**Student:** 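Following this message is one structure expressed as structure tokens.
Counting starts at 1 for both ligands and their atoms, in listed order. Quick caveat, the model's predicted, so the values are computed rather than measured.
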Amino acid sequence: MKTTSFSTTFMPVRLLPQFRLLSTSLPATHFPPMKFAPTLSSSRAVPLLSRVFPLRLRYMGLGFRRSLQTERAFSTRAFRGPRTGSGSELPRGYERRAGGASKSLIEDEAELSDWVSELRSDSPRGREDELEGRRGRVRERGTDRESYPMKKSRRESDSGDFGESRRRDFRSPNQSFTRNGGISKRFDNKSEGDKKDRPFPPRNNRGNSNSSGEFGDSSRRRFPNPNESFSRNSGISKRLDNKFQSDDDKEDGLFPRRNTRRNSNLKADSFTRNGGVEGLRRGGRETGKILRVMDDTEEKEEKLTGVRIEDLLSEEESDTAISDDDGYGVLREKSATSLFGSDNEVSVKVLPKSSPGSSDSYLSESRFDQCSVSPLSLKGIKDAGYEKMTVVQEATLPVILKGKDVLAKAKTGTGKTVAFLLPSIEVVVKSPPITRDQKRPPILVLVICPTRELASQASAEANKLLKYHPSIGVQVVIGGTRLALEQKRIQANPCQILVATPGRLKDHIENTAGFATRLMGVKVLVLDEADHLLDMGFRKDIERIISAVPKQRQTLLFSATVPEEVRQICHIALKRDHEYINTVQEGSEETHAQVRQTHLVAPLDKHFSLVYALLKEHIADDVEYKVLVFCTTAMVTRLVADLLGELNLNVREIHSRKPQSYRTRVSDEFRKSKGLILVTSDVSARGVDYPDVTLVIQVGVPADRQQYIHRLGRTGRKGKEGQGILLLAPWEEFFLSNIKDLPINKGSVPSVDPDTKKKVERALSKVEMKNKEAAYQAWLGYYNSNKKVGRDKHKLVELANEFSRSMGLDNPPAIPKLVLGKMGLKNVPGLRSK
Ligand SMILES: Nc1ncnc2c1ncn2[C@@H]1O[C@H](COP(=O)(O)OP(=O)(O)OP(=O)(O)O)[C@@H](O)[C@H]1O
């Protein structure tokens, strides 16, 4: 197994002749001439590329007849974006646009900065100087408002035009999702019926021959494709173990980011969240959008609620009281039909888990070995169990291998990580090897991920691909350890590929000797979950990081969601002539058709019982259940986990208030397990690749549309089926307008029988008071920062007190005056202060 350590044994690296082929271009036969000329004549390009991607070229309407096999995804699709003379071609149906933004959102940030500076004197934690320092530095770097004037180039308007003028039907026999809002044939039988009243058969009854044996071993699963490695999951886990075991400092490094980067880079948010968040909220683009900080609730809750991490650490460190009891016996007591109504609303009958590999729609017909990557990478890919490229890999690889900047959008769980890692590795392969005497060997590839879990996962994936490249090292810097120890580690293990979370990376740039020099070697910069990284909570860190890497570089932005705002500001990172590759057809759903989505609207005081009832129902249906329950904040997550534990469900919790060691352990356990519920904050919302998640429940309004999509995307990965339930209170229904284009149906609220209700109340009474108090405060902070709910403070307090009653506290917990002041809730009737 490859480790992250750097080996001094170098493999001879030779540039393959095929690479040269990929710098060729194709003729732009259907599109207006572009601004820049192709690098090579098109007459040469087509045959050459057809050798490299023979199947793909047939999709392109370049004079080849489509074969039946290849017709699958691209039958009636047309190009969406302008074909640049220098751009390689995409299969029809992919949207690719050249050019970047038409409008900068930096104004918002300037507004925010101004507003924050007004608040600085309120800071309880002495962050003013740091903030000022940051502002100063940003200005120095020319990344302030003036540096991003509103621009609307011809190219930009062109791309918009193309966006409107070309539409594709992505329907195909192999692709289980259609791009124009329909459900493909593959799922017609099931989904259409099921949406109404026909439940999916329980998993145990599935006739699928694959399902029975292959799930026998709970620690492994099999895919019908022999090349998909069944050991993948365990492989990843082991690597993660290694990685974290090498971080011997992690146990004692208690949230150093909080004292360093966190305290310095998120001041704007911290102020806004604690004190009158109005200014920041006004920056939100969506109705009800809550501007997010960092990866998760890590910062958010502290700022929203005044609950300080430091106050919680000791208890968190010793918090091992997690129920391992299996509540199967109890849970099967109730039949599904009695729980769920059968009126004209959609029944929330929980899906059985999909049969393994029930759909391979995420795969393309192109194989990796048809692609111009080094033989050693191909060996690594093969060992990882990958044979065919996924749709996004097929679409992006040739373009990235040519050296273009790319902004890529592809649905959740469709292999974006490999899509950016593989061509990045090829850049390293082509670069001169590190020599022993190099004191500060350059970092050639820098991958930024918003969460620690995601960064670890990406580095594990990189290690898989690098199995036969012993001279190429990967390191990960993610925080959760003391900076000094991480400094030592990266010094002892030089690497060409660095995967990092933004805050910790910034810490290293500013505090690690020689690190900035090493970054000057960066040839490829990747922003995974790019829309999130370019969001307010991260943007300043990202700008700082961008200013620390060379201008002459290739930049790759990947995400499952690319809202218009991000298209408009992506020029912060991307070259103007970047390619926008969108494998999610505009007008079609951004979620997977094979994931059944339901929303339930029920009074807040019923939510705990409903969550329990839904889980019971799901567990009774599917012994191999694997459920994620998303909660609004870390402290609410803890409360719900406590409650479900008291109810004897097999539950784990993960959120930012847990030490990194704990997070890693739980994450690994959930990755490998079946029959487990993970209650989580948004630390698990994006990117985390837990295989075979059967159900995602989202309790309370998500931060925004994107967050809803990413959370839901933890199920239905790699073409599998899944189910999502969004549980809202009546006053949260406004959120539905943000996702009205998604195939989400209204579900009939299950009736909760009196016994269940009593049981839940009893369990709630056993939950520790301090956890309820913290949850109340967190809840108040979260909704206070919600544009819609937080607008009317009186109403907000009423609702918070309703939440308090739902926990069994008729008398709402008192909140420190300072916190109330920061929330802008001083003297609001109904609140108790202390
Ligand atoms: N070519 C391939 N063939 C089969 N499996 C693949 C291939 N490429 C990637 N995978 C697997 O697909 C799964 C999902 O990949 P990944 O996590 O990169 O998805 P993603 O698109 O980044 O999802 P998200 O949007 O949630 O971050 C992983 O388990 C990965 O190992």
**Student:** Would you mind listing which atoms of ligand 1 come within a distance below 4.0 Å of any non-hydrogen atom of Tyr362?
**Tutor:**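 So the atoms of ligand 1 that pass are 4 (C), 5 (N).
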
**Student:** Taking only heavy atoms of Leu363, which atoms of ligand 1 are found under 4.0 Å from at least one of them?
**Tutor:**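 Those of ligand 1 that fall under 4.0 Å from Leu363 are 3 (N).
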
**Student:** Record the part of Lys718 in heavy-atom contact with ligand 1 below 4.0 Å; permitted values are side chain, backbone, both and neither.
**Tutor:**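 It is the side chain that touches ligand 1; the backbone stays farther off.
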
**Student:** Run the salt-bridge test on Glu590 and Arg705 with the 4.0 Å N-O cut-off and return the result as yes or no.
**Tutor:**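 Here Glu590 pairs with Arg705 in a salt bridge, since their nearest N and O are under 4.0 Å apart.
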
**Student:** Please state whether the rings of Tyr386 and Phe368 are parallel, tilted or perpendicular, taking 30° and 60° as the class boundaries.
**Tutor:**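 Tilted, since the angle between the ring planes falls between 30° and 60°.
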
**Student:** Mind listing the closest non-hydrogen atom pair of Gly716 and His592 along with its distance?
**Tutor:**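 Shortest heavy-atom separation between Gly716 and His592 comes out as O-CD2, 3.5 Å.
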
**Student:** Using a 4.0 Å cutoff against the non-hydrogen atoms of Arg717, which atoms of ligand 1 qualify?
**Tutor:**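 Near Arg717, meaning under 4.0 Å from one of its heavy atoms, ligand 1 has 14 (C), 16 (P), 17 (O), 19 (O), 20 (P), 23 (O), 24 (P), 26 (O).
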
**Student:** Once you round to the nearest 0.5 Å, how far does CD of Glu453 lie from OG1 of Thr501?
**Tutor:**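 It is 10.0 Å, given to the nearest 0.5 Å.
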
**Student:** Between Asp528 and ligand 1, find which residue part has any heavy-atom pair under 4.0 Å and reply side chain, backbone, both or neither.
**Tutor:**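 The answer is neither.
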
**Student:** Would you call Asp668 and Arg665 a salt bridge, taking side-chain N to carboxylate O under 4.0 Å as the test?
**Tutor:**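 Salt bridge flag = no for Arg665 with Asp668.
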
**Student:** Backbone, side chain, both or neither: what part of Lys388 comes under 4.0 angstrom of ligand 1, heavy atoms only?
**Tutor:**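 It is the backbone that gets close, since no side chain atom is under 4.0 Å.
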
**Student:** I need the single residue from Glu426, Lys467, Lys382 that forms a side-chain hydrogen bond (donor to acceptor under 3.5 Å, both in side chains) with Ser377. Which is it?
**Tutor:**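 Result: among Glu426, Lys467, Lys382, Glu426 is the only option passing the side-chain hydrogen bond (donor to acceptor under 3.5 Å, both in side chains) with Ser377.
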
**Student:** Within the 4.0 Å heavy-atom shell around Phe368, which atoms of ligand 1 are there?
**Tutor:**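 Every atom of ligand 1 under 4.0 Å from some heavy atom of Phe368: 1 (N).
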
**Student:** Using a 4.0 Å heavy-atom cut-off, say whether Thr414 meets ligand 1 through its side chain, its backbone, both or neither.
**Tutor:**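 For Thr414, backbone and side-chain atoms both sit under 4.0 Å from ligand 1.
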
**Student:** Return yes when Lys411 approaches ligand 1 closer than 4.0 angstrom through a heavy atom, no otherwise.
**Tutor:**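 Contact check Lys411 vs ligand 1: positive.
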
**Student:** Does ligand 1 come near enough to His710 that some N or O of the ligand is less than 3.5 Å from an N or O of the residue?
**Tutor:**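 Between His710 and ligand 1 (N or O atoms, distance only) the closest approach is not under 3.5 Å.
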
**Student:** Check contact between Leu454 and ligand 1, using heavy atoms of the residue and a distance below 4.0 angstrom.
**Tutor:**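 No, that is not the case, since the closest heavy atom of the residue is not under 4.0 Å from the ligand.
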
**Student:** Using 0.5 Å steps for rounding, measure from the CG atom of Asp689 to the CD atom of Gln457.
**Tutor:**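 These two atoms lie 5.0 Å from each other.
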
**Student:** Just how far is it from atom CG of Leu525 to atom CG of Leu444, taken to the nearest 0.5 Å?
**Tutor:**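 Output value for this atom pair is 13.0 Å.
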
**Student:** Where on Glu529 is there a heavy atom closer than 4.0 Å to ligand 1, on the side chain, on the backbone, on both, or on neither?
**Tutor:**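 For Glu529, only side-chain atoms sit under 4.0 Å from ligand 1.
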
**Student:** With distance as the sole test, does Lys416 use its side chain to make a donor-acceptor pair with the main-chain N or O of Glu529 at under 3.5 Å?
**Tutor:**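 No, the answer is negative, given that no donor and acceptor are paired below the 3.5 Å cut-off.
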
**Student:** Decide whether an N or O pair under 3.5 Å exists between Gly415 and ligand 1.
**Tutor:**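 Gly415 vs ligand 1: N/O contact under 3.5 Å present.
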
**Student:** Going by the order shown, which atoms of ligand 1 are within less than 4.0 Å of some heavy atom of Thr390?
**Tutor:**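 Matching atoms, with element in brackets: 1 (N), 2 (C), 7 (C), 8 (N).
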
**Student:** I want to know if ligand 1 touches Thr412 in the polar sense, i.e. an N/O pair below 3.5 angstrom.
**Tutor:**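 So ligand 1 has no N or O lying under 3.5 Å from an N or O of Thr412.
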
**Student:** For ligand 1, which atoms have a heavy atom of Arg714 less than 4.0 angstrom away?
**Tutor:**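 Result: 26 (O).
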
**Student:** Any idea which atoms of ligand 1 are less than 4.0 Å away from a heavy-atom of Thr417?
**Tutor:**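 Matching atoms, with element in brackets: 16 (P), 17 (O), 18 (O), 22 (O).
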
**Student:** Would you say Gly413 and ligand 1 have an N/O pair spaced under 3.5 Å apart?
**Tutor:**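 By distance alone, the answer is yes.
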
**Student:** Using 4.0 Å as the upper bound for N to carboxylate O, is an ion pair formed by Lys464 and Glu461?
**Tutor:**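 A salt bridge is present here (some side-chain N lies under 4.0 Å from a carboxylate O).
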
**Student:** Does ligand 1 come near enough to Glu387 that some N or O of the ligand is less than 3.5 Å from an N or O of the residue?
**Tutor:**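 Such a contact does not occur with ligand 1.
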
**Student:** Would you say the side chains of Ser667 and Thr664 form a donor-acceptor pair under 3.5 Å?
**Tutor:**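 Not at all, the side chains of Ser667 and Thr664 share no donor-acceptor pair under 3.5 Å.
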
**Student:** Take Asp682 and Arg711, measure what salt bridge (Lys or Arg N to Asp or Glu O under 4.0 Å) needs, and give me the verdict at the end.
**Tutor:** CA-CA 8 Å; Asp682 279 344; Arg711 285 161 153 199; 2.7 Å; yes

